[in-house]
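Only a predicted model underlies this, so the values are computations on that prediction, with no experimental measurement involved.
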Amino acid sequence: MNVIELRHASVRRDGEYILKDVSLTVAEGEKIAIIGPNGAGKSTLINVIARNTYPLRTDDYCLALFGEERWRVEQLKKKIGIVNHTLSWYTNTKYTVFDIVLSGLYAAIGLDFHHVVSEDDKERCSAELRRVGIWHLRDKAMNTLSSGERSRALLARAAITDPPLMLLDEASNALDFPSRSDLRRTISAYATEGKTILLVTHELAEIIPEIDRIIVMKDGCIFADGPKEEILTETLLSEVYGQRIYVDSRDGLYSAWC
């Protein structure tokens with residue numbers, strides 16, 4: 001089954017196209033990294049897939065998720081775990097880490113009077129907090145966390161519904177080297193569980209070994225799409241970024257610099 005079937009998506013803001021006639025198919029269980037320069041349309045593509053951004057309505061536009069074009073929002077949110085800058089902004093509140101992660105079960109930001117929380121739900125939340133290494137931060141307010149701590153909390157929130165699809169838009173942003181390594185291992189664990197993963201990143205070192213397909217975006221379009229070994233080359237990346245890029249790989253991980 002294809003988890004994502006996107007056809008002819010275009011997004012325009014202030015008269016400028018930020019996504020241009022993009023089509024994409026993602027099969028169940030695929031692990032994909034999306035890279036490209038700033039402003040290439042990577043985050044917009046993720047938001048289109050998550051149905052947080054709606055493309056221009058044209059006769060040939062189509063988006064099917066898990067084989068269905070129509071979804072109730074609350075049902076879809078339980079099937080997609082997402083980490084992005086927008087969610088980081090919305091969750092920068094006085095709610096505790098525990099409440100923000102737990103409320104992911106209800107597609108809400110924090111808990112309210114109408115949420116009925118079971119002991120099983122609390123146990124699931126505790127397990128995810130331990131998994132990303134921030135159990136000790138459970139009672140801290142989200143707006144007191146460092147950027148790296150907040151990234152971990154959002155990853156725990158994204159995983160709490162055990163979603164089959166994870167959309168991670170710069171999930172390890174602002175993490176130091178050891179924390180980034182820990183987070184990479186956590187995402188690798190999600191990958192081995194059979195989840196479909198789309199990882200947006202500017203750092204090749206964040207691409208986990210389980211990812212074997214790379215999508216390169218430039219100027220709102222998909223510039224290249226293929227196996228990791230064919231895409232992460234100095235020739236192709238130098239063309240995309242407009243300057244000489246050097247690429248190295250070690251133990252299944254890549255790095256790049258210019």
Q | K79/E28 salt bridge by N-O under 4.0 Å criterion | A | no
Q: Report yes if the side chains of C125 and V101 come closer than 4.5 Å at any heavy-atom pair, otherwise no.
A: yes
(Q) If the threshold is 4.0 Å, N to carboxylate O, is there a salt bridge linking E5 and R7? (A) yes
Q | Distance-only donor-acceptor check, side chains T44 and N47, under 3.5 Å | A | no
Q | Note: K42-E170 ion pair, threshold 4.0 Å (strictly below) | A | no
**Q.** With H85 via ring-ring contact (aromatic ring centres under 6.0 Å, His included) - residues at least two apart
**A.** none
(Q) Using modelled atom types and a 3.5 Å cut-off, is there a donor and acceptor pairing between side-chain atoms of T53 and backbone atoms of V48? (A) no
Q. Do V132 and D182 come close enough that some side-chain heavy atom pair is under 4.5 Å?
A. no
(Q) For the NZ atom on K228, are there more than 12 heavy atoms of other groups (residues, nucleotides or ligands in this structure) within a distance under 6.0 Å? (A) yes
**Q.** Connected-component partners of W257 among ILVMFWY, side-chain separation under 4.5 Å
**A.** Y246
**Q.** Residues forming a salt bridge (charged side-chain N to carboxylate O under 4.0 Å, His left out) with K195, sequence neighbours excluded
**A.** D162
Q.
I'd like to know if I49 and I214 are part of one continuous hydrophobic network [Ile/Leu/Val/Met/Phe/Trp/Tyr, side-chain heavy atoms within less than 4.5 Å].
A. no
Q. Quick one: do R180 and E206 make a salt bridge, cutoff under 4.0 Å?
A. yes
Q.
I'd like to check the side chain to side chain donor-acceptor pair (under 3.5 Å) partners of S179; sequence neighbours left out, ordered by chain and number.
A. R152, D176
Q | S126 backbone acceptor or donor facing W135 side chain under 3.5 Å | A | no
Q. Between T144 (side chain) and A141 (backbone), is there a donor-acceptor pair under 3.5 Å?
A. yes
Q. Has the side chain of E234 got a donor or acceptor atom that lies under 3.5 Å from a matching backbone atom of V247?
A. yes
Q: Answer with yes or no whether the hydrophobic clustering places L6 together with W71; edges join I, L, V, M, F, W, Y residues whose side-chain heavy atoms lie under 4.5 Å apart.
A: yes
Q: Taking atom types as modelled, find out whether N2 and T25 have a side-chain donor-acceptor pair closer than 3.5 angstrom.
A: no
(Q) Are L45 and V240 connected into the same hydrophobic cluster when the rule is that any two of I, L, V, M, F, W, Y join if their side-chain heavy atoms are below 4.5 Å apart? (A) no
Q.
Looking at D225 and R213, is there a salt bridge between them, counting it only when a charged N and a carboxylate O are closer than 4.0 Å?
A. yes
Q: Each residue besides Y17 in its hydrophobic cluster should be listed here, by chain and number; the cluster joins Ile, Leu, Val, Met, Phe, Trp and Tyr at side-chain heavy-atom distances under 4.5 Å.
A: L56
Q. Are Y61 and H8 close enough that their ring centers fall under 6.0 Å?
A. no
Q) Under 6.0 Å from the CD atom of Q75, do we count more than 12 heavy atoms belonging to anything else shown? A) yes
Q. Looking at residues at least two apart in the chain, or sitting in another chain, which of them share a ring-ring contact (aromatic ring centres under 6.0 Å, His included) with Y254?
A. none
Q) Just checking, any donor-acceptor pair under 3.5 angstrom between side chains of D121 and Y106? A) yes
Q: Verify the cluster assignment for I80 and L105: are they in a single hydrophobic cluster under the rule of side-chain heavy atoms below 4.5 Å apart?
A: no
Q: Scan T192, I187, L253 and name whichever one has a side-chain contact (heavy atoms from CB on, under 4.5 Å) with I208.
A: I187
Q) Which atom names give the shortest non-hydrogen contact between T196 and G29, and what distance separates them? A) OG1-N, 2.7 Å
Q: Please report the C-alpha distance between R157 and E128 in whole Å, then the side-chain angles of each, then the deciding distance to 0.1 Å, and finally whether the salt bridge (charged side-chain N to carboxylate O under 4.0 Å, His left out) criterion is met.
A: CA-CA 8 Å; R157 174 188 167 91; E128 292 302 331; over 6 Å; no
